[in-house]
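The structure appears right after this line, and notes come after that.
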Amino acid sequence: MMAIEALQAIGPTAAASVDRAAMAADRAQPAASSFADWLGAEVDNVDERIRAADGAVRQLALGENVELHRVMMTIEQARISFELLVQVRNKVVEAYQEVMRMQV
Amino acid sequence: MSGYLTSFEISASGMTAERMRLDVASMNLANATTVRGSGVGLYRPLQVVTEPASLASFERAMAGEESRVGVTARVIAVDGEPRRVHEPNHPLADANGFIEQPNVNPVVEMTQIMLAVRAYEANVKALNAARTMAQRALQIGEA
């Protein structure tokens with residue numbers, strides 16, 4: 001009984017906070033409404049990062065005035081954003097396979 | 001700029017400052033025994049001055065807004081009494097046989113170099129920690 005009361009007490013608060021979180025997410029990404037849009041934007045983003053890393057390595061190889069740690073940092077940024085994309089892809093494929101295994 | 005990129009940016013600014021410190025110490029050491037050249041004055045020892053970013057800019061960066069974080073470093077030349085060395089055979093020696101050399105203390109410069117290397121290492125550690133955190137976050141949900 002006590003547990004249920006406790007749950008009822010936190011119920012509205014939790015719902016309100018979820019609403020707020022959803023609103024914050026809407027505000028943050030007004031343009032990217034669907035998941036496909038988000039994924040497309042993210043792929044472009046990763047591509048941009050990899051290009052930046054490529055450019056930094058090229059500048060270094062050409063002996064231009066670029067700091068070594070900046071180059072390494074750009075490479076790491078590209079790597080991490082690529083890994084994020086791979087993880088998202090893994091989860092999407094996993095969900096798809098889960099649906100395909102479903103007994104109808 | 002937000003999230004782990006902020007940590008990267010902060011560490012990178014620290015590394016840039018420490019590289020500058022090393023360059024300045026090398027410059028001072030290389031010029032330690034130079035004398036007043038023709039048309040060039042006596043070498044003035046250089047010093048790195050680092051300035052912190054304001055708390056407000058750090059908070060803006062934490063909130064995901066565009067902001068400059070980390071340290072900014074600049075180089076200044078310091079004036080000091082030149083060292084007078086007795087070298088009567090030197091072509092630039094004055095009437096009393098003295099030449100003037102810049103006020104560079106090699107011991108201080110060596111300490112600066114060690115300091116710069118250690119601080120650079122610390123910044124690399126911090127950057128690697130940020131990277132490890134991001135990679136650990138990507139492992140969430142893995143078996």
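All values reported here derive from a predicted model rather than from experimental measurement. Values below: all heavy atoms of this structure, side chains included; hydrogens, waters and symmetry mates excluded. Chain letters run A, B, ... following the sequence lines, proteins first and then strands; every chain starts at 1.
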Would one find more than 12 heavy atoms of other residues, nucleotides or ligands at under 6.0 Å from atom [atom1] of [X]?
X: A:Lys91; atom1: NZ; value: yes
X: A:Tyr96; atom1: OH; value: no
X: A:Glu48; atom1: CD; value: no
X: B:Met20; atom1: CE; value: yes
X: B:Glu51; atom1: CD; value: yes
X: A:Phe82; atom1: CZ; value: no

Atom CG in B:Leu127, atom NE2 in A:His69: separation rounded to 0.5 Å? 9.5 Å
Less than 4.5 Å to any heavy atom of chain A: does that hold for the side chain of B:Leu138, its backbone, both, or neither? both
So for B:Ala134, is it side chain, backbone, both, or neither that comes closer than 4.5 Å to the heavy atoms of chain A?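 Only the side chain of B:Ala134 comes within 4.5 Å of chain A.
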At a 4.5 Å cut-off on heavy atoms, which part of A:Gln87 comes close to chain B: side chain, backbone, both, or neither?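 The side chain, not the backbone.
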Under 4.5 Å to a heavy atom of chain B? For A:Thr74 that would be neither
Report yes if the side chains of A:Glu67 and B:Met15 come closer than 4.5 Å at any heavy-atom pair, otherwise no. no
Which atom pair, heavy atoms only, marks the closest approach of A:Met73 to B:Phe8?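 So the minimum-distance heavy-atom pair works out to SD-O, 3.3 Å.
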Would you check, one step at a time, whether the test side-chain contact (heavy atoms from CB on, under 4.5 Å) holds for B:Thr16 with A:Arg70? CA-CA 9 Å; B:Thr16 306; A:Arg70 289 265 169 205; 4.1 Å; yes
